[in-house]
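What you see is a predicted model; the values in this text were computed from it and never measured. Letters go in sequence order (proteins before strands), and every chain restarts at 1.
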Amino acid sequence: MSDEQIIQQDENQIIAERRAKLANIRANGVAFPNDFKREHLSADLHAKYGEVEKEELEGQAVSVAVAGRMMLKRVMGKASFATVQDGAGRIQFYITRDNVGEEVYASFKTWDMGDIIAAKGTLMKTKTGELSVQVSELRLLTKSLRPLPEKFHGLTDQEQKYRQRYLDLITNDTSRDTFVKRSRIVQKIREFMVNERYLEVETPMMHPIPGGASAKPFITHHNALDMQLFLRIAPELYLKRLVVGGMERVFEINRNFRNEGMSTRHNPEFTMMEFYEAYADYERMIDLTEGVIRFAAKEVIGHTVIDYQGKQVDLSKPFARFTIAAAIQHYNPQYTDEQLHDRAFLKAEIARLGGKPVLTDGIGGLQLSLFEETTEEKLWEPTFIIDYPAEVSPLARASDTRPGITERFELFIVGREHANGYSELNDPEDQAERFQAQVALKDKGDDEAMHYDADYVRALEFGLPPTGGCGIGIDRLVMLLTDAPSIRDVILFPQMRRED
RNA sequence: GGGUCGGUAGCUCAGUGGUAGAGCAGCGGACUUUUAAUCCGUUGGCCGUGGGUUCGACCCCCACCCGACCCA
């Protein structure tokens, strides 16, 4: 369908009438003026004058200049009220023919919901005590050609909320509030990290070798270099190169791209914070992770015991810790210690539960699969799962005392993974071997296995100090803190199928 | 990929084999303190798309498209 056809199809009587009004405005001067100087925001006025008594307020004769989108309009003969929404809230205009003049008043009556209007006037209070602008000058700044969603119910259609986010933002306070909170959460996370003397950095989004995670990448192509590039699946290997380079505390908050299925928990592009600290281990990363989440909750939500989808989550007390096997047994007491160390039993049990076929054969990997099938979703309260098997942790440092185990953790809250961190593997020879093992897995058909990154190994050969690192899923954290059921509710423009 | 539910006026929703409805928005009128203002009048539909069944389909059947949720 061509654009022209879409436009044609979209036209209706309401739009046609508004276009006619716009044509009339054009014929009479500047249709889209940009010379009005807005001086006040609704929220500031409510904060400053909302509690002032009617007589006192009107005695002060406070002059204001405000502007916004007309959301409600109540015309009563020679006097009208309009509710105007600006970036911070709403305020009511009181418009009378006697104050604005017959001509402007007649024009106002033709203006529509959704139009961007501006007023100068003085503050007043109505007889019910609502702070309002008694308008002396009234202007139309932007004619809106399309009707807004119904004023009471707003926009409810999920698809339209996602595809036309601007409409969702205009009409739904909760949606606006979610994205304001998202911004504040990210800001507070930055503040926390900077206070920990971390430097914020940006590393490439386009990678010649995708690395740092087990995931399928998006593939793109650079014309001038005639080179295949991958949208990054994680910044990890670049950030650790920076630690090699002497940037001892770095973090990056940015997008990752994974070419996988979409769900209420997965969007193809999503935001992670990764951070790396020299001379730190995974215990320090656990502390930072717990600290930054608690800080963001306290600063943005105001408290650390929050509601998520009708159930409480307590972020205030120290997060629980379990090894994988201990967590399985704690939440599924039917499994015996013996069973959890029996390869044949684990394989059969995973298959019975409908889990993915396991390509690796180690006890640790099998336990992890069983954990994913039986336990993950039950971890409602914040819980660190620790001691991941080396075979599924190709970038993590192995335990000095327990063979096959790495110093790694993942954080689960409300049954979802929120963070993943470890003491970094800084032995270049061990790293080279683990990459080779990944390549072998890839050859066996695991298309999420990692590539061999020779430059990364070379960097390690110059010496990566002992380092701790961690990644925190920002979208999921925002979901948690804003009580959003779907990742699409916290991403302004979530990925959607093409409309045609 | 599988299952469930949904797609009807610009928006929010009814309708169930027999002339497509309501509220809001729009248009015309009344109204100088309204609060989703109110009152009177009124315009507006390829009922997601394409096939079928039927004298007749928004409704029944099949396929497809789009979305939400659940499962893999």
Side-chain angles (χ1 to χ4, degrees), chain A residues 1 5-22 54 57-58 69-85 90-102 105-106 108-115 121 123-135 143-164 166-168 170-173 260-266 309 350-357 369 372-373 376-377 415 484-489 494-500:
Chain A
M1 189 184 282
Q5 279 173 309
I6 291 169
I7 290 163
Q8 284 250 314
Q9 194 184 45
D10 249 22
E11 288 297 333
N12 61 45
Q13 192 194 334
I14 293 174
I15 295 175
E17 280 161 0
R18 291 189 178 203
R19 281 194 196 282
K21 289 176 182 177
L22 175 60
K54 180 175 166 70
L57 179 69
E58 283 158 25
R69 190 181 296 276
M70 179 156 65
M71 300 303 291
L72 294 168
K73 183 187 175 193
R74 297 176 287 279
V75 176
M76 303 159 298
K78 298 175 190 65
S80 298
F81 289 92
T83 302
V84 171
Q85 178 168 294
R90 292 182 170 196
I91 193 159
Q92 179 170 264
F93 288 6
Y94 179 56
I95 304 154
T96 62
R97 188 195 61 180
D98 293 348
N99 278 327
V100 299
E102 201 150 343
Y105 193 73
F108 166 74
K109 288 207 269 188
T110 71
W111 298 352
D112 295 291
M113 240 84 98
D115 288 354
L123 289 181
M124 57 167 272
K125 282 208 168 175
T126 64
K127 65 182 180 189
T128 54
E130 176 163 352
L131 186 70
S132 307
V133 178
Q134 176 136 32
V135 175
K143 183 69 198 163
S144 169
L145 295 176
R146 289 177 180 270
L148 286 178
E150 201 249 8
K151 63 185 174 190
F152 187 59
H153 298 93
L155 189 64
T156 61
D157 182 63
Q158 281 298 333
E159 178 182 358
Q160 223 180 335
K161 279 162 68 89
Y162 297 148
R163 286 192 193 277
Q164 295 179 267
Y166 41 92
L167 284 183
D168 184 34
I170 290 169
T171 51
N172 294 321
D173 289 344
E260 292 162 359
M262 289 158 59
S263 75
T264 47
R265 294 173 295 281
H266 300 85
Q309 303 296 295
I350 292 157
R352 190 180 68 80
L353 295 165
K356 278 184 284 189
S369 291
E372 286 169 359
E373 295 303 321
E376 217 176 275
E377 63 185 20
S486 169
I487 197 168
R488 294 180 161 198
D489 296 319
Q495 198 54 242
M496 302 285 280
R497 223 173 277 271
R498 290 164 55 107
E499 252 186 289
D500 48 351

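Distance, A:Arg18 CZ to B:rG44 P: 19 Å, rounded to whole Å. Between A:Gln134 atom CD and B:rU32 atom C1' the separation is 11 Å, expressed in whole Å. Atom OH of A:Tyr166 is separated from atom C1' of B:rG10 by 13 Å (rounded to the nearest Å). Atom CG in A:Leu148 sits about 14 Å away from atom C1' in B:rA36, given to the nearest Å. Separating the CD atom of A:Glu150 from the P atom of B:rG23 is a distance of 12 Å, rounded to the nearest angstrom. Between A:Gln495 atom CD and B:rG67 atom P the separation is 11 Å, expressed in whole Å. What separates CD1 of A:Ile15 from C1' of B:rU43 is a distance of 16 Å, to the nearest Å. Rounded to whole Å, atom C1' of B:rU34 lies 5 Å from atom CZ of A:Phe81.
Comparing the P positions of B:rA57 and B:rG52 gives an interatomic distance of 12 Å, to the nearest angstrom. Between the P atoms of B:rU49 and B:rC69, the separation comes to 25 Å (whole Å). If you take atom P in B:rC46 and the same atom in B:rG29, they sit 28 Å apart, rounded to whole Å. Taking atom C1' in both B:rA9 and B:rA22, one finds a spacing of 11 Å when rounded to whole Å. B:rA72 sits 31 Å from B:rA14 when the P atoms are compared, rounded to a whole Å. Taking atom C1' on both nucleotides, B:rG7 is separated from B:rC47 by 10 Å, rounded to a whole Å. For the P atom pair drawn from B:rG45 and B:rC61, the interatomic distance equals 29 Å after rounding to whole Å. Annotation: B:rU12 and B:rG26 have their C1' atoms spaced 16 Å apart (nearest Å).
Sparse packing is recorded around CD of A:Glu377, with 12 or fewer heavy atoms of other residues, nucleotides or ligands lying under 6.0 Å away.
At the heavy-atom level, A:Thr83 lies nowhere under 4.0 Å from the strands shown. Contacts of A:Met76 with the nucleic acid, taken as non-hydrogen atoms under 4.0 Å apart, include base atoms. Across all strands shown, A:Gly261 has no heavy atoms under 4.0 Å from either base or sugar-phosphate atoms.
For A:Gly114 against A:Leu148, the heavy-atom pair with the smallest separation is CA-CD1, 3.7 Å.
No N or O donor and acceptor, one from the side chain of A:Thr96 and one from the base of B:rU32, sit under 3.5 Å apart. Residue side chain A:Thr126 reaches the base of B:rU35 through a donor-acceptor N/O pair under 3.5 Å, judged by distance alone.
Under the Watson-Crick or G-U wobble criterion, with both distances below 3.5 Å, B:rG23 is paired with B:rC11. Across all strands shown, B:rU38 forms a Watson-Crick or G-U wobble pair with B:rA30, both key distances being under 3.5 Å. Remark: B:rG6 base-pairs with B:rC66. Criterion, Watson-Crick or G-U wobble with two distances under 3.5 Å.
Distance from the side chain of A:Ile14 is smallest to B:rA25 among B:rU33, B:rA25, B:rG67. In this structure, of B:rU35, B:rU33, B:rA25, it is B:rA25 that holds the atom nearest to the side chain of A:Met113. For A:Leu72, taking side-chain heavy atoms from C-beta onward, the closest of the listed nucleotides B:rU12, B:rU33, B:rA37 is B:rA37. In the set B:rG26, B:rU32, B:rU35, the nucleotide with an atom closest to the side chain of A:Gln92 is B:rU35. Ranking B:rG10, B:rU33, B:rU34 by closeness to the A:Ser132 side chain, first place goes to B:rU34.
For A:Thr126, the side-chain hydrogen bond (donor to acceptor under 3.5 Å, both in side chains) criterion is met by A:Thr128, not counting sequence neighbours. Partners of A:Lys78 under the salt bridge (charged side-chain N to carboxylate O under 4.0 Å, His left out) rule, at least two apart in sequence or in another chain, do not exist in this structure. Remark: A:Asp115 engages A:Lys143 in a salt bridge (charged side-chain N to carboxylate O under 4.0 Å, His left out) (not counting sequence neighbours). Applying the ring-ring contact (aromatic ring centres under 6.0 Å, His included) rule to A:Phe93 yields no partners; only residues at least two apart in sequence or on another chain are considered.
For A:Tyr162 and A:Thr156, each mapped to the nucleotide of RNA chain B holding its nearest heavy atom, the one lying further toward the 5' end belongs to A:Thr156. Sequence order on RNA chain B of the closest nucleotides to A:Gln160 and A:Phe152 puts A:Gln160 first from the 5' end.
For A:Arg18 and A:Gln13, the side-chain atoms include no donor-acceptor pair closer than 3.5 Å. For the residue pair A:His153 and A:Thr156, no side-chain donor N or O sits within less than 3.5 Å of a side-chain acceptor on the partner. Residues A:Arg69 and A:Gln85 have side chains that never bring a donor and an acceptor to within less than 3.5 angstrom of each other.
Put simply, A:Arg146 has no side-chain N or O that comes within less than 4.0 Å of OP1 or OP2 on B:rA25. Within the structure, a side-chain polar atom (N or O) of A:Lys151 is placed less than 4.0 Å from OP1 or OP2 of B:rA25. For the pair A:Arg74 and B:rA37, the criterion of a side-chain N or O lying under 4.0 Å from OP1 or OP2 is met.
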Return the polar atom pairs (N/O with N/O) between nucleotides 27-29 of chain B and the protein under 3.5 Å, or none.
unit_1: B:rC27; atom_1: OP1; unit_2: A:Lys21; atom_2: NZ; d: 2.4

What does the list of N/O pairs under 3.5 Å between the protein and nucleotides 70-72 of chain B look like, with a distance for each?
unit_1: B:rA72; atom_1: O3'; unit_2: A:Gly354; atom_2: O; d: 2.9

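Between the side chain of A:Lys21 and the backbone N or O of A:Ala16, no donor-acceptor pair lies under 3.5 Å. For A:Lys161 (side chain) and A:Asn172 (main-chain N/O), no donor-acceptor pair under 3.5 Å exists by modelled atom type.
A:Tyr94 does not carry A:Lys125 over the face of its six-membered ring by the limits of under 6.0 Å from the centre and within 45° of the normal.
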